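Let me begin by presenting the structure, written as structure tokens, before commenting on it.
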Amino acid sequence: NNLVEKKNRGMGSFWKFLKIRMFLVASFLLKNILEEFYEFPTFSVFPQGKLEERKPFTVLFDEVAMNYILSAAQSSGGIVERRYTFLKRLCQVLCALGFQICSLLGSDIEVQVPVNLDKYMEALFAFTSHPSQFLKSSTQITWGNLFRHEILSKNPVVGQMAIKYLRAARINLLKTGFPSKNDCPGCEFSRVDFDSDEDFNCSFNSFRAQQGEAVRLACKIVPFEAFQIAREWVQYQILLLSVETKTEKGLCSALSLSAVQWDAMTFFTESVFGQLFKILEKEKIPIDEGIELLQMVVNYETRDPLILSCVLTIISTLFPFVTHQPHFLPQVLFKIFPSITFELVEECKGPRTRAVKNVRRHACSSILRICRDYSDFMLPCFDMMYEHAKGLFSNELLLTQMEKCALMEALILVSNQFKDYNKQKAFLKELIAPVTAQWLSEEMRRLSDVISDLDTEDQMGINRSQISFCVNTILGVVKRARWPANPEEAKAGSFVVSTTSDGAPIYRNPCAEPLQALLPNLFALIRTQNSLFLPENINRLSKTFSRVYDIMDVEKNFALGIPQPVLDAYDSSAYRNIVERMQGFFSSLYDNCYQVLGNAGPCMQQDFYATEDLAEQIVGSAFIHLDSVPDHRLRPLQLVMSCPYDYHDSLLCPLLGPLFAHLLQEDEAYEENHVTQEVVEEQLLRLVTREVMDLLTEKGSGIPSGTKSDLYQEMVSVDSSQGIQMNTPSDELSELGKCLLQSEDIYMTLLAICFNSLSWEDTINCQRSASVLCWTLLKQVLGCNLLPEAVTWLYTSVLKGLQMHGQHEGCNAALTQLALLIYESLRPRYAELRFIMNQIPDIHVEALEQFDQKTIQSTVSKAGEKKKKEQFKRLIAGTVGKPLGQQFKKEVHIRNLPSLFKKPKPTKDMLENTDTACLITLFSSDCDSC
């Protein structure tokens with residue numbers, strides 16, 4: 001017993017010794033090693049493995065180690081390269097340490113909140129308040145993790161630091177520190193970290209988004225303190241009297257100090273108040289202080305367009321306070337409405353600057369947003385708004401066409417609260433009466449002359465403006481006009497016309513009757529636009545306008561992921577020359593026409609789908625001359641998603657048949673010519689093909705990736721509790737799917753598109769098709785007599801997909817499972833599949849023979865399914881292609897390398913070693929008194 005007790009005491013002392021050694025090594029690491037090895041490009045401090053492997057590194061939260069860290073983080077110094085690089089490495093250490101503690105706290109590993117958490121956060125805050133934009137940005141994700149953490153967010157230390165962080169955000173949100181300037185200490189650091197002002201601007205925009213998220217999280221922790229900080233900043237900015245950097249016209253530029261301060265304060269205010277109204281109960285909201293602040297903002301007067309835009313944003317942000325004191329609403333509206341017609345005196349004889357247009361657009365957006373979110377609250381002011389709007393509409397010089405459309409949409413949103421079908425219908429007729437008269441006029445019927453004659457800019461320019469106004473108005477009506485959401489209110493207001501077989505109400509929209517008369521001209525306009533891309537019409541263009549149908553630079557940069565330069569362009573006009581104006585006109589008009597067509601179904605429902613010869617009109621307009629229409633002009637048909645079951649045969653099949661046929665033709669043409677495609681064209685085509693799969697598996701390009709769409713839910717009935725699982729595919733086609741597959745042409749086209757997409761240069765499309773579409777479509781005809789050539793093509797398409805995307809784990813799993821399903825289902829009847837397998841490089845013939853026999857005989861039990869999948873995966877491993885970066889790599893093989901000698905672990909008892917015994921004696925209790 002004495003021996004066992006002595007041994008246990010010795011082991012405890014030994015682990016105590018190891019802990020001390022580890023702490024000393026960690027301290028030495030922080031104090032010396034980082035400075036010695038500052039030139040390393042990366043510094044990986046903590047492992048990313050199991051949680052228990054990370055726990056030992058929490059020793060860095062000890063008093064001595066954290067003192068070293070805090071001292072190093074808070075030490076001041078200029079931009080010395082060695083010192084600055086050390087600070088970057090230390091910042092990485094702190095961020096990694098924060099990630100580890102957030103991972104460990106609340107997990108199964110027993111870890112307590114560090115005692116020195118306050119010193120850690122002070123060290124992290126030192127980098128957040130550092131002049132370097134790079135160091136500030138590096139800490140934002142860590143702050144978000146700390147404020148979001150379930151345990152740490154309730155810690156008083158984190159609460160105090162959240163207040164400190166919010167106050168620091170008032171400085172960090174200022175867009176200063178450009179490399180080309182010398183107006184703040186951060187400029188010197190920016191010249192080291194950024195190549196240009198555009199590079200800095202792109203980084204700052206990302207930093208601002210991350211900081212906005214951290215501010216919102218901090219607001220959850222200390223909501224009242226955040227309110228006071230935001231309130232103080234707004235008050236200070238309004239009362240501030242300072243010397244500002246002006247342009248030659250006496251106004252602020254985008255980078256003027258005053259404009260930068262207002263912009264930062266506006267962003268901070270949006271982040272704080274937007275969160276407060278979500279997290280605070282109604283009784284706890286400081287209404288009186290909020291109204292007082294709003295009153296101060298409303299009373300603030302400025303003629304500077306940049307600052308006025310910020311004022312409008314703050315008014316929209318603080319508007320929820322008005323709902324608690326309705327008597328304040330007229331003051332807010334009288335502040336916003338004059339901004340809709342905002343002008344600068346010196347601009348009366350010239351084009352408006354971008355800043356002025358932004359103010360007017362901002363005012364319209366504020367009215368629109370208020371009417372959308374608080375339509376019931378705005379109903380008492382409807383008559384006042386309508387009279388004011390009619391006064392603005394009567395003067396053609398006061399508003400642009402887009403501003404008129406915005407005000408119309410705002411009025412329509414409020415009119416939805418009438419909850420009276422006849423009253424709302426009468427209002428809509430009156431509102432769009434001028435548009436109806438103009439849209440149905442004889443001049444508008446000559447659409448081809450109006451929009452194709454580009455050489456006459458005066459009168460034709462006016463006509464093009466009128467066309468845009470009419471289309472935008474129709475779009476606004478179909479997007480905004482709705483029946484009451486409450487079924488009882490809808491029934492009482494005469495919005496319900498009948499019910500479906502299962503008892504669901506069928507609604508009618510008050511805008512349906514006025515809009516039905518406008519549809520023929522809309523189809524004519526779409527048909528005319530598609531005809532403009534015909535070669536003979538392209539050849540008619542003069543040299544000046546030869547590229548007006550090309551993709552705009554904004555769309556091109558968006559497709560390529562290139563950020564827009566928005567540094568100081570507020571003094572320029574929206575379109576700098578006539579070619580850019582024409583490009584903008586054709587691009588927006590094309591998009592808006594298809595938006596009308598897509599929204600007409602959900603808006604008008606049976607009144608739209610019951611239109612006589614609707615399918616023929618759409619095919620004769622939207623689908624005409626598709627061979628000449630560029631890929632970037634193709635738009636998905638959103639009306640498919642809301643089409644009632646009764647119109648599947650008469651509408652969807654005639655529409656989707658030609659559409660799928662064209663898409664298949666485009667895909668085959670791309671396969672032949674993709675080598676010569678430019679980078680932009682290739683990326684645009686990739687986006688178009690992704691929208692093709694969205695049409696089948698998602699509601700449209702605006703739905704986030706991974707969300708099943710209404711179309712797919714219509715075509716495929718899936719148990720929601722199981723989800724889509726390739727292991728046990730049990731997807732059954734519903735009525736819409738069966739309707740589409742009744743046509744052999746549509747079915748074969750769909751099958752070809754889905755299997756072709758497996759080898760498109762897009763992993764997202766590949767994974768969607770392999771995991772969702774291909775097997776769902778193919779298994780519908782497994783019992784039929786398929787041609788051997790078709791079976792060969794289907795299986796080869798899957799293997800081509802593996803060759804293209806097999807190096808990606810997600811695609812590999814989906815494609816392997818699809819190949820196995822096809823092989824198991826069709827191999828007993830088609831020996832061609834065995835012939836294809838024999839051609840796979842480096843395939844093991846004997847293993848293939850065994851697998852093939854088991855497949856034919858179907859002798860594999862359910863217990864052996866996993867083994868069968870692994871065996872099949874090894875058989876087709878030769879089809880998996882290499883990533884592009886590895887395809888031309890020269891393999892180097894070094895033979896006859898000497899084996900490494902590994903010293904075996906000692907097996908003797910520690911007490912038998914005299915040296916160890918001396919070490920144990922050193923830590924024994926007898927020596928504690930020394």
Side-chain angles (χ1 to χ4, degrees), residues 435-436 438-452 463-464 466-475 477-479 512 514-538 549 585-605 607-643 647 650-663 665-666 688 691-692 695 700 746:
V435 174
T436 302
Q438 189 175 22
W439 187 249
L440 300 178
S441 64
E442 288 298 327
E443 291 79 6
M444 197 64 68
R445 294 182 184 276
R446 298 191 292 270
L447 293 174
S448 58
D449 295 334
V450 172
I451 69 175
S452 60
N463 291 338
R464 285 190 288 270
Q466 293 173 348
I467 293 175
S468 296
F469 173 61
C470 292
V471 174
N472 288 329
T473 301
I474 297 173
L475 177 59
V477 173
V478 298
K479 285 173 59 179
L515 290 183
Q516 281 180 324
L518 309 181
L519 289 180
N521 273 12
L522 177 70
F523 290 130
L525 177 59
I526 296 175
R527 180 169 57 252
T528 301
Q529 290 185 93
N530 282 7
S531 301
L532 294 178
F533 296 104
L534 290 172
E536 55 268 27
N537 290 330
I538 296 291
Y549 301 147
F585 166 75
F586 283 112
S587 178
S588 61
L589 184 65
Y590 198 94
D591 285 343
N592 290 339
C593 285
Y594 279 86
Q595 287 287 334
V596 172
L597 203 57
N599 285 279
C603 172
M604 301 165 61
Q605 293 201 344
D607 291 320
F608 174 73
Y609 292 110
T611 302
E612 185 178 358
D613 299 327
L614 178 61
E616 290 77 4
Q617 293 187 65
I618 296 178
V619 171
S621 56
F623 291 172
I624 195 172
H625 306 312
L626 285 182
D627 294 338
S628 302
V629 177
D631 292 331
H632 66 270
R633 287 285 185 244
L634 295 178
R635 295 293 180 268
L637 281 179
Q638 299 177 1
L639 60 90
V640 175
M641 318 309 171
S642 58
C643 182
Y647 300 99
S650 60
L651 180 61
L652 292 191
C653 287
L655 288 183
L656 296 180
L659 176 62
F660 291 151
H662 169 72
L663 296 174
Q665 181 182 356
E666 287 291 303
V688 170
E691 289 183 355
V692 175
L695 185 62
I746 295 179

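Quick caveat, the model's predicted, so the values are computed rather than measured.
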Inset, instruction - May I have the step-by-step check of side-chain contact (heavy atoms from CB on, under 4.5 Å) for Leu519 and Leu614, ending in yes or no? - result: CA-CA 10 Å; Leu519 289 180; Leu614 178 61; 5.7 Å; no

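- In this structure, Gln595 CD and Ser588 OG are separated by 12.0 Å, a value rounded to the nearest 0.5 Å.
- Using a 4.5 Å cut-off on side-chain heavy atoms (C-beta onward), Pro630 and Tyr549 make no contact.
- Here the shortest heavy-atom pairing between Gln529 and Phe586 reads OE1-O, 4.2 Å.
- With contacts defined as side-chain heavy-atom distances shorter than 4.5 Å, the pair Phe469/Thr473 qualifies.
- Within the 3.5 Å criterion, the main-chain N or O of Ser468 finds no donor-acceptor partner in the side chain of Asn592.
- Of all non-hydrogen atoms in Pro514 and Leu518, the two that sit nearest each other are O-CG, 3.7 Å.
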Inset, instruction - Begin with the C-alpha distance, continue with both residues' side-chain angles, and end with the deciding distance and a verdict on side-chain contact (heavy atoms from CB on, under 4.5 Å) for Tyr647 and Leu652. - result: CA-CA 7 Å; Tyr647 300 99; Leu652 292 191; over 6 Å; no

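- The minimum heavy-atom distance linking Ser650 with Pro654 is given by the pair O-CG, 3.5 Å.
- Across every non-hydrogen atom of Pro658 and Cys653, the tightest pair is CD-O, 4.4 Å.
- Taking SG of Cys470 as the reference point, atom CG of Leu475 lies at 13.0 Å (rounded to 0.5 Å).
- A donor-acceptor pair under 3.5 Å is absent between the side-chain atoms of Asn599 and the main chain of Lys479, judged by distance alone.
- Considering all non-hydrogen atoms of both residues, Val596 and Ile474 come closest at CG1-CG2, 3.8 Å.
- Distance alone, capped at 3.5 Å, places no donor-acceptor pair between the Asn530 side chain and the Leu626 backbone.
- Of the possible polar contacts, one joining the Gln516 side chain to the Asp607 backbone as a donor-acceptor pair under 3.5 Å is found.
- Atoms CZ and OG1, from Phe523 and Thr611 in turn, are 7.0 Å apart once rounded to the nearest 0.5 Å.
- With rounding to the nearest 0.5 angstrom, the CG atom of Asn537 is 9.5 Å from the OG atom of Ser628.
- With rounding to the nearest 0.5 Å, the separation of CD1 in Ile526 from CG in Leu597 is 5.0 Å.
- Rounded to the nearest 0.5 angstrom, Trp439 CH2 and Leu515 CG are separated by 11.5 Å.
- At least one donor-acceptor pair closer than 3.5 Å links the side chain of Gln617 to the backbone N or O of Glu612.
- The shortest distance between side-chain heavy atoms of Cys593 and Leu522 falls below 4.5 Å.
- Residues Arg527 and Gly620 come closest through the heavy atom pair CD-O, 3.2 Å.
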Inset, instruction - Starting from the C-alpha separation in whole Å, work towards a yes-or-no answer on ring pair (Phe, Tyr, Trp, His ring centres under 6.0 Å) for Tyr594 and Tyr590. - result: CA-CA 7 Å; Tyr594 279 86; Tyr590 198 94; 5.0 Å; yes

